[in-house]
Amino acid sequence: MNDILLLLPEFVLLISAFVIFILDLLWKKQPEKAGMFPVLALLGSLAAFAATIFLWMSGGIRLDIIATDSGNQVPMLAVDQFALFFKAYVALTLAFVSVIATDYIRARTPFRGEFYALTIMAGLALMLVASSVNLVMIFLAFEFLSITSYLLTGYLRDDELSIEAALKYFLYGSVASAVMLFGFSLIFGATGSVDLVGIAQGLAKADHTITTFLVFPSLVLIIVGLGFKIALVPFHQWSPEAYQGAPTPITAFLSVGPKAAGFALMARILTIAFPAFAASANVSWIVILSGIAMLTMTFGNVVALWQKDIKRLFAYSSIAQAGYMLIGVVAIAPQYVGGSPEVVGWPQGLNGLLMYLLAYLFTNIGVFAIIIAMENKTGSTAINSYAGLIKRSPYLAVAFLIFLLSLIGIPPTAGFIGKLFVFGAAITQGMFVLAFVAIINSVISVYYYLGISRQMFFTQSDDTSPIAVSGPLNAVVTITLVLVLAMALWAQPFIDWTTNSAQIIASSF
Amino acid sequence: MNIPFILSLIVFLPLLGSIVVMFMPGTKEKEIKNFSIIISLFPFILSILLWTGYDYTQGQYQFVQDYSWIPSLNVRFHMAADGLSIPLIFLTTLLSVLSFWYSSRVIKYRVKEFFALFLMLEMGMLGVFVALDLVLFYFFWEIGLVPMFLLIGIWGQEKDRPQYSAIKFFLYTLVGSVAMLLAFIAIYLQTGTWDVTAIPAMMPFASNPTLAAVAFWAIFIAFAIKVPLFPFHTWLPDAHTAAPTAGSVILAGVLLKLGGYGMIRILIPFFPQTFRYFAVFIAVFGVISMIYGALVSMAQWDLKRLIAYSSVSHMGYFTLGLAAAVYYGDPESQIIALNGAILQMFNHGIITGGFFFLVGVLYERTHTRDLKAFGGLSSRLPKYYAVMMVTAFASLGLPGLAGFISELLVFRGAYATMPAIAIVGIIAIVLTAAYILWKIIQYVFLGEFSPEKWSKIFDVKHWSFGEDMAPFELITMAPLVFGMVLIGVYPSVILRMINHASQIILGSAY
């Protein structure tokens with residue numbers, strides 16, 4: 001296959017973004033045509049999704065795009081099935097976000113074209129992050145992602161919360177980028193290589209001093225940088241403000257896209273560049289990450305208990321959910337602490353991570369579609385504005401309840417399958433403490449998730465006017481609802497997809 | 001008669017009904033009520049067909065349905081019924097029909113939601129009794145949680161703190177079930193199957209008693225919370241008191257049985273030796289539940305709360321019988337103890353279910369449940385008095401009524417395998433008689449009837465059903481009273497089936 005074809009999804013997004021930018025200029029005098037932008041964005045995302053699926057079906061092997069650098073071939077991007085899974089994920093996210101943003105953005109800002117173009121650019125950055133296999137490329141893609149995210153967070157420039165959120169995000173983000181870059185430089189110093197496979201080879205030859213004094217600090221710094229993007233505790237401080245202040249469709253995007261890309265990158269860097277340090281005696285990223293995972297879910301869940309604003313609540317919820325996902329990365333290693341020899345084939349942790357991410361995508365997009373529908377009607381994001389929702393819109397209330405059950409992990413919802421996979425992976429690895437902390441956290445989370453349903457079903461509200469939901473939002477709620485249920489009741493296709501996508505990384509490990 | 005997919009029909013007809021109700025316009029309350037009653041009759045009729053179609057010459061599991069569901073995890077859609085589950089399925093469908101019938105007269109607001117949720121709840125409960133795949137079992141186990149949560153929260157009485165009780169119920173149950181899920185996964189990782197019928201032969205963790213104990217307790221606690229066994233019972237009085245009448249009936253009548261059913265269906269076959277090892281310990285907690293529940297009942301002044309605590313006491317008999325059945329002893333006594341335990345579940349379902357209906361009857365008239373407010377009602381409500389007397393005597397174990405048979409079997413079995421504990425347990429029978437005769441019969445029905453007090457508590461505003469029990473209330477209670485008498489005088493009608501199951505379960509485990 002022609003190399004350039006391998007970047008088809010990226011090109012599709014790039015072209016859609018530029019078409020929107022140009023039309024935005026051309027249609028400056030015809031604001032009535034602005035309604036076309038979300039349609040264009042949706043079409044572009046769907047086309048990118050189709051292109052990704054086409055590549056996924058045709059590419060069974062790892063395909064590297066090679067950039068020539070003074071005679072040495074340095075791999076920059078991998079278009080393997082792992083990366084393609086995340087590209088499809090990103091394309092889906094973009095499609096959903098363009099639809100749920102339609103009414104929200106129309107009501108709040110006249111500058112609509114740029115919004116969709118920037119969102120697509122952020123999606124493009126995510127795709128690049130997911131396929132990068134080279135420290136330079138990783139850093140560039142990450143910065144690309146960060147800058148577009150800052151812009152989108154502060155997009156409502158008359159809204160002080162939005163500006164504050166963007167500034168905070170920017171300050172934290174810059175520090176995190178610098179920290180990660182420093183980590184990259186240390187590892188480059190230790191191995192003389194910037195591509196992940198080269199680093200692994202260099203580290204295999206490195207002596208004890210280097211591994212102790214360079215690898216450990218660089219590993220920690222890289223995890224800090226990634227942890228910032230994913231919003232792992234203690235690198236999460238930006239996320240509540242950013243989630244609350246950002247335009248709600250962007251909150252949906254941030255809670256799903258960058259998190260997934262961060263995990264993709266984390267899995268790739270750790271397994272390809274640092275396989276020897278998964279559980280070695282002096283440096284073990286499995287130990288570091290399991291500590292972070294426990295901290296993240298516990299902190300996220302406990303702090304969420306006190307939240308009064310639904311966007312902020314879902315910021316903490318998404319921190320907690322990242323903790324569960326991290327179990328998938330932690331339990332990646334085959335049999336590192338003497339798992340039972342009779343263990344039958346349980347899908348590996350990475351597979352669980354992908355399943356969890358899929359479940360989380362469907363659920364969270366559904367949740368934010370409902371939050372936007374409510375915000376459009378009531379103008380409020382306070383949790384008590386959901387009082388009596390069952391009277392005002394029975395469909396939204398029931399759908400929201402099912403999404404909340406999915407986030408808790410109660411069958412028959414996607415979240416249950418996700419939890420089943422990651423918990424199972426943890427037990428396969430003999431990580432009982434981690435699994436135990438995770439289930440305790442699932443129970444804690446019940447209190448705040450059901451706190452929302454308590455408002456919706458038990459509390460009466462003075463305002464009983466019905467909530468009219470626009471067609472596009474309704475469609476997103478319905479589609480995600482069907483997917484959330486389908487993923488539990490008819491799980492096999494999803495499992496096949498994630499298993500095949502995870503294999504390439506899992507087998508190289 | 002052989003109906004294909006009979007178990008699927010029983011489980012999923014209520015789901016279908018629930019979906020239909022959701023799409024019916026909320027203003028057509030009468031249609032919704034009638035439709036729900038009719039749709040709930042189908043599983044009831046089918047469960048009678050299960051009972052009559054059960055073949056005693058065949059092996060344990062009948063009416064089998066077994067299909068692949070999630071191949072890569074080896075999860076199967078495996079359902080079957082046996083002598084243990086058929087009586088419980090019958091109990092569930094019967095109490096559901098009665099609950100729909102009763103609720104259609106007393107539920108006044110948010111009718112559509114009530115019936116949609118109740119049908120969903122029925123599906124979850126029935127599913128647990130027929131699922132033979134651990135994942136499928138877990139699905140149904142959790143599905144029932146949400147409707148019950150909403151039933152308590154929405155239709156509970158304001159003064160009973162329904163929201164608090166609803167969340168408490170949900171949290172308690174979920175704590176247990178997530179631990180159970182981990183144990184299920186661990187069992188699967190060891191045996192490679194989720195199939196309840198195949199796992200016993202592979203003896204999970206037989207080589208490692210510590211792991212076996214951990215897995216056993218993870219699952220046991222999940223079931224013990226549901227049963228509920230002391231000290232995991234604290235959610236129960238709140239939930240039972242706050243729930244609407246039909247919700248309390250189903251909670252006491254069926255939801256508590258899910259835990260007991262799980263112990264017999266899963267714990268005995270999977271961990272026979274571990275269960276036996278801890279049997280005395282568990283029996284002690286059973287006896288504590290019996291005595292503690294009875295003592296706390298005696299101290300209550302709220303009639304509904306009193307009956308809620310009596311559930312703790314009565315399910316303690318079940319636990320004692322179960323522990324005696326798995327302990328060392330002659331096989332005959334073990335089987336008798338298990339028969340007693342299973343029959344106790346069934347009896348508790350119809351007796352306490354009946355009690356909650358009767359409390360509802362009184363509450364609809366007076367809007368109070370304070371025992372001090374009543375007195376002398378025997379002359380004013382003679383029909384009510386008669387029905388309550390039968391139920392109360394069945395509950396305290398009067399010979400000739402259902403409760404006596406199961407208690408007799410439990411103590412007969414327990415006395416043979418663990419005599420000391422059984423003797424201590426006898427105290428509970430005395431205490432039960434005390435709170436039923438003293439608190440319920442005396443405070444509600446006996447004594448001087450004072451017209452002054454009468455006019456104070458009997459609010460004319462709520463006086464919708466006439467003075468004594470209305471025909472629809474009598475019809476609700478009729479099958480339950482009939483069952484109490486029938487089992488009391490002719491227990492073989494149900495014991496034959498239970499005995500068949502007990503023999504197979506204990507025979508293959510020990």
Side-chain angles (χ1 to χ4, degrees), chain A residues 339-340 342-347 351 390-391 394-395 397-398 401-402 404-405 408-413 416-417 419-421 423-428 430 432 435-436 438-447 449-451 453-459 488-492 494-496 498-499, chain B residues 22 26 68-75 110 112-113 116-117 124 135-136 138-143 145-146 149-150 152-156 162-164 166-167 170-193 202 204-205 207-208 211 214 218:
Chain A
S340 167
E342 305 111 291
V343 160
V344 289
W346 183 273
N351 198 337
I390 182 71
K391 285 259 172 58
Y395 180 61
V398 170
L401 176 65
I402 293 174
L404 292 171
L405 294 176
I408 301 172
I410 288 179
T413 57
F416 168 71
I417 298 289
K419 284 217 164 76
L420 182 69
F421 268 73
F423 291 177
I427 296 177
T428 321
F432 297 114
F436 185 72
I439 62 161
I440 294 297
N441 270 289
S442 317
V443 176
I444 298 176
S445 72
V446 167
Y447 192 79
Y449 287 133
L450 285 191
S453 18
R454 197 151 83 167
Q455 292 287 347
M456 295 193 297
F457 288 90
F458 300 166
T459 312
L489 299 175
W490 193 41
Q492 194 57 40
F494 297 93
I495 298 177
D496 287 340
T498 53
T499 310
Chain B
M22 278 182 213
S68 182
W69 180 18
I70 309 177
S72 50
L73 291 184
N74 205 4
V75 176
R110 297 173 85 170
K112 174 174 151 175
E113 290 163 67
L117 287 170
V135 175
L136 190 63
Y138 191 79
F139 260 65
F140 286 123
W141 180 269
E142 299 274 80
I143 284 173
L145 264 182
V146 181
F149 165 75
L150 294 173
I152 297 173
I154 297 177
W155 289 276
Q163 303 192 5
Y164 163 83
I167 291 254
F170 200 101
L171 280 175
Y172 266 67
T173 318
L174 197 72
V175 169
S177 37
V178 286
M180 177 169 84
L181 179 64
L182 285 194
F184 282 176
I185 296 173
I187 290 171
Y188 171 74
L189 291 174
Q190 241 234 338
T191 62
T193 176
M202 297 188 227
F205 310 113
S207 56
N208 187 337
L211 272 183
V214 171

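Just so you know, these numbers come straight off a predicted model, no measurement behind them. Below, read A as the first sequence line, B as the second, and so on, with proteins coming before strands; counting in each chain starts at 1.
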At a heavy-atom separation under 4.5 Å, does [X] approach chain A through its side chain, its backbone, both, or neither?
| X | value |
| --- | --- |
| Y138(B) | both |
| V146(B) | side chain |
| F139(B) | both |
| I167(B) | side chain |

Distance-minimising heavy-atom pair for Q492(A) and P71(B): OE1-CD, 2.8 Å
Minimal heavy-atom distance between G424(A) and L189(B), with the atoms involved, is O-CD1, 4.1 Å
Within a 6.0 Å radius of atom OH on Y395(A), are there more than 12 heavy atoms belonging to other residues, nucleotides or ligands?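 Atom OH in Y395(A) is crowded, with more than 12 foreign heavy atoms closer than 6.0 Å.
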Please flag which part of [X] lies under 4.5 Å from any non-hydrogen atom of chain B: side chain, backbone, both or neither.
| X | value |
| --- | --- |
| L489(A) | both |
| I495(A) | side chain |
| L401(A) | side chain |
| A488(A) | both |

Do you know which of V75(B), L150(B), L145(B) has the most heavy-atom pairs with chain A at a distance under 4.5 angstrom?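 Ranked by heavy-atom pairs under 4.5 Å with chain A, first place is L150(B).
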Pair count under 4.5 Å, heavy atoms only, with chain A: among I70(B), V214(B), V178(B), L182(B), highest is L182(B)
Side-chain touch [X]/[Y], heavy atoms, less than 4.5 angstrom:
| X | Y | result |
| --- | --- | --- |
| K419(A) | L181(B) | no |
| E142(B) | L405(A) | no |
| I410(A) | L174(B) | yes |

Looking at F457(A), F436(A), F432(A), which one has more heavy-atom pairs under 4.5 Å with chain B than the rest? F457(A)
If you count heavy-atom pairs within less than 4.5 Å of chain B, which of D496(A), I444(A), I439(A) leads?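 Option with the top pair count is I439(A).
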Out of curiosity, F184(B) CZ to I427(A) CD1, how far, rounded to the nearest 0.5 Å? 12.0 Å
Measuring from atom CD1 of I390(A) to atom CD1 of I154(B), what distance do you get when rounded to the nearest 0.5 angstrom?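 I390(A) CD1 to I154(B) CD1: 6.5 Å, rounded to 0.5 Å.
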If the plane angle is over 60° it's perpendicular, under 30° parallel, otherwise tilted; pick one for F458(A) and F149(B). tilted
In sequence, state the C-alpha distance, the side-chain angles, and the governing distance for F421(A) and L73(B), and then conclude on side chain to side chain contact (heavy atoms under 4.5 Å, CB included). CA-CA 10 Å; F421(A) 268 73; L73(B) 291 184; 3.7 Å; yes
